[in-house]
Amino acid sequence: MHSSAVFLIEFGAIILGLGLLGRLAARLRFSPIPLYLLAGLAFGEGGLLPLGTSEEFVAIGAEIGVVLLLLMLGLEYTAGDLVSNLKTQYPAGIVDATLNALPGAAMALLLGWGPIAAVVLAGITWISSSGVIAKVLGDLGRIGNRETPVILSILVLEDLSMAVYLPVVTALLAGTGFAAGSVTLAIALGVAGLVLLVAVRYGRHISRFVSTDDPEKLLLVVLGLTLVVAGVAQQLQVSAAVGAFLVGIALSGEVAEGAHNLLAPLRDLFAAVFFVFFGLHTDPASIPPVLLPALALAVVTTLTKVATGYWAARRAGISAKGRWRAGGTLVARGEFSIVIAGLAVTSGIDSDLGPLATAYVLLLVVLGPLTARYTEPLARRLTGRRDRRTAPEAEAGPDAAARDQRDSHDQQDQQDQQDQQDQEASVSRP
């Protein structure tokens, strides 16, 4: 059979399968991400039916998927929101790095892999998946929730930190000198700062340039601009995801609303392709030997991410329900962790690091949508039981101020719950 015909059949089968899985997930009121990953495992190396001619196209589609996910997330917020959140949430970024990087570094040292591997594994366990979390927020209808700006701030701090982290890791793995590594780092920081400055100061001019009443022209201009900025950022050792996110931040007003409506179907298509591509490059046979340390690392860093989100949301004045939702949403790891692991594998640092990172990310990219959905209900049930046990003691010594504070939190929780129900209803409405 002609290669182009094989490509059309393979890629068409993937898209059709993803559509059916998405319908199944919607019927079950469940995020389709884990189902997409399992489909990737089935079609990947060592799976039931490995792909042939369409794999390269799927890889390109996966890169576009990550870019579109971050662009759409950026369209939800203005440059002023970004700067304000970064100024107020930078302590949360420090807590995030401390709590979630240390377990990875400790695991690498316990396994005897050395300090460079410790730096690499620290990055893998530190960085949450912006792509997965953006998709989960959309699927659960939480874009407008009170805790979402806190989640976004942490993700942006992580993504911007990659502009520093990736050049450092690359220099360590390559064994380059201090001077060469410093030049690479300076370029990365300069580019990230320049793009952020343009987005903040000249966002209105960019929106005016892009604005048009013709949906076709608006789609082409916004998509083309995003891909160009993402590609240039990637070429200059800055994350393509960061570049796409900042393009979304730079667009505002009617342009952002129009672009959001036009790009949403493309985002959903290529995001699904991204998750399939992740599964394609995971050989099931390489997972069992490293499953135990990966599982231990996943459990520890799930708890540390939940603690990070809870602390950051509490610091921002979010109610208890929003704190648990923020913590559960941050659990997923994904694209950045795989990029970091890929750098280490190609340098030959340790043969077990790649499978461990793959197993770890696969566990958390499946667990992440579950924790995002169920952490808050589970915490509410557990804390509700605890409150009922301690109620008689509270009645014995009533404190008016404490009661008022609890009543205030209860009212905010009820408002959060009503907002969540309204958003889920709007998402499920055809």
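Just the heavy atoms: all of them, side chains too, but no hydrogens, waters or symmetry mates, feed the values below. Since we're looking at a predicted model, the values are computed, not measured.
The distance from atom OG of S211 to atom NZ of K217, rounded to the nearest 0.5 Å, is 13.0 Å. Here CZ of R333 is found 10.0 Å from CG of L367. Values are rounded to the nearest 0.5 Å. Between S130 atom OG and I154 atom CD1 the span is 11.5 Å, to the nearest 0.5 Å. Summarising the geometry, atom CG belonging to L364 is positioned 4.5 Å from atom OG1 belonging to T302; distances are rounded to the nearest 0.5 Å. Between atom OG of residue S319 and atom CD of residue E376 there is a gap of 8.5 Å, rounded to the nearest 0.5 Å. Taken from CG in L297 to OH in Y360, the straight-line distance is 5.0 Å, to the nearest 0.5 Å.
Between the side chain of T148 and the main chain of G144, no donor-acceptor pair closer than 3.5 Å is present.
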Under 3.5 Å, side-chain donor or acceptor atoms of residues 114-128 against the rest of the protein: list the pairs with distances, not counting sequence neighbours.
{"from": "T125", "atom 1": "OG1", "to": "N100", "atom 2": "O", "distance (Å)": "2.7"}
{"from": "T125", "atom 1": "OG1", "to": "L121", "atom 2": "O", "distance (Å)": "3.2"}
{"from": "T125", "atom 1": "OG1", "to": "A122", "atom 2": "O", "distance (Å)": "3.1"}
{"from": "W126", "atom 1": "NE1", "to": "D96", "atom 2": "OD2", "distance (Å)": "3.4"}
{"from": "S128", "atom 1": "OG", "to": "K305", "atom 2": "NZ", "distance (Å)": "2.9"}
{"from": "S128", "atom 1": "OG", "to": "L330", "atom 2": "O", "distance (Å)": "2.8"}

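Heavy-atom minimum distance, I318 versus V150: CG1-CG2, 4.4 Å. The two residues S207 and V255 come nearest to each other via the heavy atoms O-CG2, 3.4 Å. For V361 against S337, the heavy-atom pair with the smallest separation is CG2-CB, 3.5 Å. Closest of all the heavy-atom pairs between T226 and A244 is CG2-CB, 3.9 Å. Between V247 and L71, the shortest heavy-atom contact is CG1-CD1, 4.0 Å. In terms of heavy atoms, G327 sits closest to V331 at O-CG2, 3.7 Å.
Atom CZ of R315 sits in a crowded spot, with more than 12 heavy atoms from other residues, nucleotides or ligands closer than 6.0 Å.
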Exercise for review: Check the pair T329, R142 against side chain to side chain contact (heavy atoms under 4.5 Å, CB included), reporting the backbone distance first and the verdict last.
Suggested key: CA-CA 10 Å; T329 304; R142 295 182 180 176; 3.7 Å; yes

**Study point:** Trace of the side chain to side chain contact (heavy atoms under 4.5 Å, CB included) decision for L111 with L356
**Key:** CA-CA 11 Å; L111 294 173; L356 174 63; 4.2 Å; yes

Exercise for review: Apply side chain to side chain contact (heavy atoms under 4.5 Å, CB included) to W324 and V306, showing your working.
Suggested key: CA-CA 7 Å; W324 289 115; V306 171; 3.9 Å; yes

Exercise for review: Go through V67 and E63 one step at a time and tell me if the side chain to side chain contact (heavy atoms under 4.5 Å, CB included) criterion holds.
Suggested key: CA-CA 6 Å; V67 167; E63 294 183 12; 5.8 Å; no

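For the side-chain contact (heavy atoms from CB on, under 4.5 Å) with L262, the qualifying choice from V222, L219, L220 is L219, the only one to do so. Shown are R323, R325, K321; of these, the side-chain hydrogen bond (donor to acceptor under 3.5 Å, both in side chains) with E147 is made only by R325.
Within the 4.5 Å cutoff, side-chain heavy atoms of L370 are placed close to those of Y374. Inter-residue side-chain proximity for W311 and L99 is flagged as unmet; no heavy-atom pair is nearer than 4.5 Å. For the pair F209 and L225, the minimum side-chain heavy-atom distance is 4.5 Å or more. A heavy-atom distance below 4.5 Å is found between the side chains of M72 and L75. Annotation: side chain of I15 is in contact with side chain of L269 (closest heavy-atom distance under 4.5 Å). In this structure, the side chains of L20 and L24 stay at 4.5 Å or more apart for every pair of heavy atoms.
Residue pairs meeting the salt bridge (charged side-chain N to carboxylate O under 4.0 Å, His left out) criterion with at least one partner in residues 111-132, sequence neighbours excluded, are absent.
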